[in-house]
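All values below come from the heavy atoms of this structure, side chains included, with hydrogens, waters and symmetry mates left out. Numbering starts at 1 and runs along the sequence shown.
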Amino acid sequence: MENVKMNKELTQNGAARTAAWDNIKRKMPKDMGIFLVMIGIALVFEVLGWIFRGQSFLMNPGRLVLIVLQVAIIGIIAVGVTQVIITTGIDLSSGSLVALTAVVAASLAQTADSISPMYPSLVDLPAIVPIVAGIGVGLLCGLVNGWLITKTGIPPFIATLGMMVSARGLAQYYTQGNPISFLSDGFTAIGQGSMPVVIFLVVAVVFHIALKHTRYGKYVYAIGGNMTSARVSGINVDKYLIIVYTMAGALSGLAGIVMAARVSSGQSSMGMAYELDAIAAAVIGGTSLMGGVGRITGCVIGAIILGLMKSGFTFIGVDTYMQDIIKGAIIVGAVVIDMRRNRAKR
């Protein structure tokens, strides 16, 4: 009798502790787990820095600034890619759009003292002209992606793969393989100092609010959660998918402009594999490839984790090819964890 009573008390105590822990987890910020992972990775590289290099990884201001600048461009792309993945889609074209928009914007930002301007009659234009042109090209390409997916029924993977190849080819044809330089100070100013970071943070805040507090965000999550149910409930799914892909294209265009301004040049080789980094940032940040789950805050943390890893591996002397292998393993690991989490929920 006493054993039965003791077992009952232990069961009740265990249930109470579990309920208390679940209550604590509910009150914690949703991205606290991935934030703690980011802190852990930073501390690991700090320890490895002292072991292998005899110096601090985190206490180097120049290195931290470089990490933030690298994160900014990938992060801008990742904000758009996150929204695409929430709808169960994928965007493989973002890296190529960075190149295409960079060369188009750079060609309209050249100064009169350029050795061979692409448009001799269109030099010394106000900075707003190349900026609008670059974002417009990205927006148009994103619109084409959305139209192909919704109106022809082809999978997002195929549509954006085709755009990836076509946009890179257009960038190479447009420049004939030559870099476009001698850009105006007004244009390059948006890529200097802390401006890329400011632009990234503004983009992240705007789309965080849009996803969390507007009808647009509610519909995006509904489409990703169950597209059939979304249609039945009266949501114009095709319209919102086109908007999502258009926004992703425009953000890739903005990233291309920032990159061209930062290096004061437009080149058709820019943005190589950036689409993979953007997808990795989204997935590491908790965006589910199954759709319906993802947050911009997690995407930002995921981008920072990628920046920390890239800088940290370089700092301790890990070979560049090994870095890609490790990055690929981390992406696969994140997807496996996501799939297991989804199975557990079901």
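- Using a 4.5 Å cut-off on side-chain heavy atoms (C-beta onward), I41 and V44 make no contact.
- In terms of modelled atom types and a separation under 3.5 Å, the side chain of E275 and the main chain of V81 share no donor-acceptor contact.
- The two residues Y221 and I86 have their closest heavy-atom pair at CD2-CG2, 3.7 Å.
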Starting from the C-alpha separation in whole Å, work towards a yes-or-no answer on side-chain contact (heavy atoms from CB on, under 4.5 Å) for L308 and M38.
CA-CA 8 Å; L308 281 172; M38 181 188 74; 3.7 Å; yes
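- Here the closest heavy-atom approach between residue A281 and residue L306 is recorded as N-CD1, 3.7 Å.
- Under the 3.5 Å distance criterion, the side-chain polar atoms of R262 are left unmatched by any main-chain donor or acceptor of Q192.
- The side-chain heavy atoms of W50 and R53, taken from C-beta on, include no pair separated by under 4.5 Å.
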Evaluate the side-chain contact (heavy atoms from CB on, under 4.5 Å) criterion for residues F200 and I73: first the C-alpha distance (whole Å), next the side-chain angles of each, then the deciding distance (0.1 Å), finally the verdict.
CA-CA 7 Å; F200 170 43; I73 294 175; over 6 Å; no
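- Each of I154 and I90 belongs to its own hydrophobic cluster when Ile, Leu, Val, Met, Phe, Trp and Tyr are linked at side-chain heavy-atom distances under 4.5 angstrom.
- Note on L92 and L148: separate hydrophobic clusters, where clusters join Ile, Leu, Val, Met, Phe, Trp and Tyr whose side-chain heavy atoms are under 4.5 Å apart, directly or indirectly.
- The main-chain N or O of F182 is never found under 3.5 Å from a side-chain atom of Q110 such that the two would form a donor-acceptor pair.
- Within the model, atoms CG of L139 and CD1 of I135 stand 9.0 Å from one another, a figure rounded to the nearest 0.5 Å.
- Between T175 and Q267, every side-chain heavy-atom pair lies at or beyond the 4.5 Å cut-off.
- The two residues P130 and A109 have their closest heavy-atom pair at CG-CB, 3.8 Å.
- T246 contributes a side-chain N or O that, together with a main-chain N or O of I242, makes up a donor-acceptor pair within less than 3.5 Å.
- For the pair D238 and R231, the salt-bridge criterion is met [side-chain N within less than 4.0 Å of a carboxylate O].
- At a threshold of 4.5 Å between side-chain heavy atoms, the hydrophobic network of Ile, Leu, Val, Met, Phe, Trp and Tyr places V232 and Y219 in two separate groups.
- Two residues are said to be in side-chain contact when any heavy atoms from C-beta on lie closer than 4.5 Å; T111 and V123 fail this criterion.
- Within 6.0 Å of CG on N226 lie more than 12 heavy atoms contributed by other residues, nucleotides or ligands.
- Distance CD1/I235 to OG/S229: 9.5 Å, rounded to 0.5 Å.
- Between Y216 and Y240, the angle of the ring planes lies from 30° to 60°, which puts this pair in the tilted group.
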As a quick check of understanding, evaluate side-chain contact (heavy atoms from CB on, under 4.5 Å) for Q70 and I74, giving each step before the final call.
CA-CA 7 Å; Q70 289 174 337; I74 295 297; over 6 Å; no
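- Clustering ILVMFWY residues whenever any of their side-chain heavy atoms sit less than 4.5 angstrom apart, transitively, puts L48 in the very cluster that holds I326.
- Less than 6.0 angstrom separates the ring centroid of F313 from the ring centroid of F45.
- Distance check, rounded to the nearest 0.5 Å: CG of L241 to CD1 of I223 gives 5.0 Å.
- Side-chain contact check for M227 versus T88: some heavy-atom pair is nearer than 4.5 Å.
- Atom CD of Q83 and atom CG of L211 lie 4.5 Å apart (nearest 0.5 Å).
- By the 4.5 Å heavy-atom criterion applied to side chains, T82 and F207 are not counted as neighbours.
- In this structure, M164 and L97 have side chains that are not in contact, with every pair of non-hydrogen atoms separated by 4.5 Å or more.
- Within 6.0 Å of atom CD1 in I51, more than 12 heavy atoms from other residues, nucleotides or ligands are found, so the atom counts as buried in its surroundings.
- In this structure, G193 and L69 approach most closely via the heavy-atom pair O-CD2, 3.5 Å.
- No side-chain donor-acceptor contact under 3.5 Å links S311 to the backbone of G307.
- Between F187 and L183, the closest side-chain pair of non-hydrogen atoms falls below 4.5 Å.
- Side chain to side chain, N145 and S93 meet the donor-acceptor criterion of an N or O pair below 3.5 Å.
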May I have the step-by-step check of side-chain contact (heavy atoms from CB on, under 4.5 Å) for V98 and I77, ending in yes or no?
CA-CA 9 Å; V98 167; I77 303 170; 3.6 Å; yes
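- Across every non-hydrogen atom of A230 and A222, the tightest pair is CB-O, 4.0 Å.
- Screening L170, D91, V144 for a side-chain contact (heavy atoms from CB on, under 4.5 Å) involving M163 leaves a single residue, V144.
- Expressed to the nearest 0.5 Å, how far CD1 of I180 lies from OG of S116 amounts to 9.5 Å.
- Distance check, rounded to the nearest 0.5 Å: NZ of K218 to NE2 of H213 gives 14.0 Å.
- When atom types are taken as modelled, the side chain of Q176 and the backbone of Q172 share no donor-acceptor pair closer than 3.5 angstrom.
- Side-chain atoms of E46 and S56 include a donor-acceptor pair closer than 3.5 Å.
- Residue I76 comes nearest to L251 through the heavy atom pair CG2-O, 3.4 Å, listed as atom of the first residue, atom of the second, then distance.
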Could you go through S107 and Y174, starting from their C-alpha distance and side-chain angles, then the distance that decides it, and tell me whether this counts as side chain to side chain donor-acceptor pair (under 3.5 Å)?
CA-CA 10 Å; S107 68; Y174 189 78; 2.7 Å; yes
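- Within a 6.0 Å radius of CZ in F315, other residues, nucleotides and ligands contribute more than 12 heavy atoms.
- Placement of V129 and V132 within a single hydrophobic cluster is found when ILVMFWY residues are connected by side-chain heavy-atom separations under 4.5 Å, directly or transitively.
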